Amino acid sequence: MNNLAFGQYYNSNSVLHRLDPRTKLISLIILMVSIFVIKQANYGFIYLGVLFLLIVLLVLLSKVPIKLYLKSLKQITFILIFSFVFQLIFNKGGSYFEYLPQIDFKFTYLNIILALAVFVIYIFVKRLIKFKFLLLVLTLGIMIYILTLTFNIEPFYNFTFYIYEEGVYTGLFIIGRVFILIMFSSILTLTTKPTDINDGLEKLLKPLELIGLKTSIFAMMVSIALRYIPTLFIETQKILKAQASRGVDFNEGSFKNKVTQIISLLVPMFVISFKRASELADAMEARGYIPGEKRTKINEMKLKFSDFFAMFIVLGLLTAIILGRVLWDIN
């Protein structure tokens with residue numbers, strides 16, 4: 001949980017930090033639309049490459065340490081790997097991927113016995129050695145494949161794993177989309193204060209007040225949620241350490257014990273959440289906050305030339321992607 005970066009703000013005096021929050025919010029929406037407009041066919045990877053170069057430029061301009069962006073990506077590493085492997089296994093479109101050989105698995109009783117032995121050893125040593133489950137699965141797969149080539153034993157089941165071009169390309173395309181989406185979101189939260197996001201949302205949603213919606217309340221809810229995501233995770237980490245010091249092990253025990261352990265984590269988390277919500281409500285009331293009432297700002301937001309230039313760039317990028325897709329679809 002120390003690796004959580006989403007919702008955190010990094011103070012700096014970069015070009016991105018000085019942009020109007022409305023500009024960054026609108027740009028993020030436009031870039032998200034651009035990501036999903038891109039089609040895998042018709043030079044889709046070229047468009048993703050252009051967006052990737054834009055991310056590199058924005059990361060350099062933001063003056064935010066790269067490790068903070070990597071922390072944001074670490075949280076979705078499993079999802080990216082799972083999505084890619086899922087496409088490799090189940091997407092049979094196109095022809096065989098000529099650059100990768102087919103993989104033949106021949107399951108014998110010797111393979112199964114040794115695989116079970118490795119799994120049992122893993123159960124006993126995982127307390128002493130940090131060994132990820134995905135690494136265990138990969139090790140078992142490599143072991144079965146090597147034993148297939150080493151021992152000439154009659155198999156009881158043959159399985160040939162073919163890798164298709166469509167599976168590889170679709171998996172890479174999904175990874176590229178999610179990666180770019182997370183990076184753009186991280187750039188927004190790392191370079192924009194939660195209060196600025198709140199003010200920007202309130203300004204952008206202002207026209208909805210004509211139909212009776214209280215946009216200021218909605219914007220305040222979003223701002224508070226973004227602000228307290230890291231705080232709640234830090235509190236969870238403290239509770240985990242406190243429970244561990246009392247002998248609670250969340251990785252061991254029967255199903256009944258694990259349910260009890262989870263309850264011992266959830267109960268204090270709910271108590272802390274309600275306590276913080278009450279303290280926040282008292283603090284807002286003491287400062288004269290009245291939901292739905294008109295509020296003045298110390299610093300009024302004004303769009304500058306850099307804001308219009310940034311929106312012009314992202315709009316031009318979206319237009320180019322849409323035109324490219326339409327023209328190639330016609331051809």
Side-chain angles (χ1 to χ4, degrees), residues 5-39 43-73 176-208 215-216 218-220 222-223 225-227 297-327:
F6 182 78
Q8 293 184 355
Y9 169 73
Y10 183 85
N11 188 23
S12 182
N13 188 28
S14 68
V15 176
L16 296 183
H17 285 75
R18 294 193 297 269
L19 285 177
D20 191 284
R22 292 171 293 179
T23 301
K24 287 184 272 191
L25 288 169
I26 293 174
S27 300
L28 176 63
I29 295 172
I30 294 174
L31 291 171
M32 289 174 63
V33 173
S34 302
I35 293 171
F36 291 102
V37 166
I38 296 174
K39 196 175 181 180
Y43 306 100
F45 284 99
I46 295 178
Y47 288 129
L48 290 182
V50 173
L51 292 176
F52 177 78
L53 293 177
L54 178 61
I55 287 174
V56 173
L57 177 61
L58 294 177
V59 169
L60 295 176
L61 291 176
S62 67
K63 298 181 181 179
V64 176
I66 297 179
K67 64 180 181 180
L68 293 181
Y69 293 107
L70 296 179
K71 286 181 180 180
S72 301
L73 293 173
R177 266 184 171 175
V178 177
F179 169 82
I180 293 172
L181 182 62
I182 295 298
M183 287 299 294
F184 280 137
S185 302
S186 299
I187 291 172
L188 171 67
T189 57
L190 288 169
T191 61
T192 314
K193 296 178 182 178
T195 53
D196 292 339
I197 294 178
N198 174 42
D199 295 339
L201 277 174
E202 188 176 344
K203 288 286 187 181
L204 290 176
L205 299 176
K206 198 74 173 177
L208 296 179
T215 57
S216 59
F218 174 76
M220 180 62 68
V222 173
S223 176
L226 289 175
R227 171 63 183 84
K297 311 290 183 183
I298 296 178
N299 300 316
E300 290 292 335
M301 293 183 294
K302 294 182 180 180
L303 295 175
K304 302 182 289 295
F305 173 78
S306 57
D307 297 300
F308 291 106
F309 181 75
M311 285 190 283
F312 174 78
I313 293 296
V314 294
L315 280 173
L317 184 61
L318 175 61
T319 304
I321 292 174
I322 293 175
L323 288 177
R325 177 168 176 173
V326 171
L327 292 175

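If you're wondering where the values come from, they're calculated on a predicted model, not measured in any experiment.
Checked against salt bridge (charged side-chain N to carboxylate O under 4.0 Å, His left out), Lys206 has the following partners two or more places apart in sequence or in another chain: Glu209. Partners of Asp196 by side chain to side chain donor-acceptor pair (under 3.5 Å), not counting sequence neighbours: none found. Remark: Arg22 engages Asp20 in a salt bridge (charged side-chain N to carboxylate O under 4.0 Å, His left out) (not counting sequence neighbours).
To the nearest 0.5 Å, atoms CZ (Phe308) and CG (Leu303) are separated by 4.5 Å. Taking OH of Tyr47 as the start and CD1 of Ile180 as the end, the distance is 13.5 Å to the nearest 0.5 Å. With values rounded to the nearest 0.5 angstrom, Ile66 atom CD1 is found 7.0 Å from Leu60 atom CG. Put simply, CG on Leu58 and OG1 on Thr191 are 9.0 Å apart, with the number rounded to the nearest 0.5 Å. Atoms OG and CG, from Ser186 and Leu70 in turn, are 10.0 Å apart once rounded to the nearest 0.5 Å. One distance of note links CG of Leu31 with CD1 of Ile313; it measures 11.0 Å at 0.5 Å rounding.
Under the 4.5 Å side-chain criterion, counting only non-hydrogen atoms from C-beta, Ile187 is not in contact with Leu28. At a threshold of 4.5 Å between non-hydrogen side-chain atoms, the residues Leu19 and Ser306 count as touching.
Every pair passing salt bridge (Lys or Arg N to Asp or Glu O under 4.0 Å) that includes a residue from residues 305-316 is listed here, sequence neighbours excluded: Lys304-Asp307. Under the ring pair (Phe, Tyr, Trp, His ring centres under 6.0 Å) criterion, no residue pair touches residues 181-208, with sequence neighbours excluded.
In this structure a side-chain-to-backbone donor-acceptor pair under 3.5 Å is missing from Thr192 to Thr189. The closest donor-acceptor contact from the side chain of His17 to the backbone of Tyr10 lies under 3.5 Å. Lys24 places a side-chain N or O within 3.5 Å of a backbone atom of Leu16 that can act as its donor or acceptor partner.
The shortest non-hydrogen separation linking Met183 to Val59 is CE-CG2, 3.9 Å. For the pair Met311 and Thr23, the tightest heavy-atom approach, listed with the atom from each and the gap, is CG-CG2, 3.9 Å. The minimum heavy-atom distance between Arg177 and Ile38, with the atom names listed, is NH2-O, 2.5 Å. Residues Leu181 and Met32 come closest through the heavy atom pair CD1-CG, 3.5 Å.
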Original post:
What do the steps show when you test Tyr69 against Ser62 for side-chain hydrogen bond (donor to acceptor under 3.5 Å, both in side chains), and what is the final call?
Top reply: CA-CA 11 Å; Tyr69 293 107; Ser62 67; 2.9 Å; yes
Scan the side chains in residues 316-324 for donor-acceptor partners under 3.5 Å anywhere in the protein, sequence neighbours excluded, and list what turns up.
from, atom 1, to, atom 2, distance (Å)
Thr319, OG1, Leu315, O, 2.8

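For Leu53, the CG atom counts as densely surrounded, since its 6.0 Å shell holds more than 12 non-hydrogen atoms of other residues, nucleotides or ligands.
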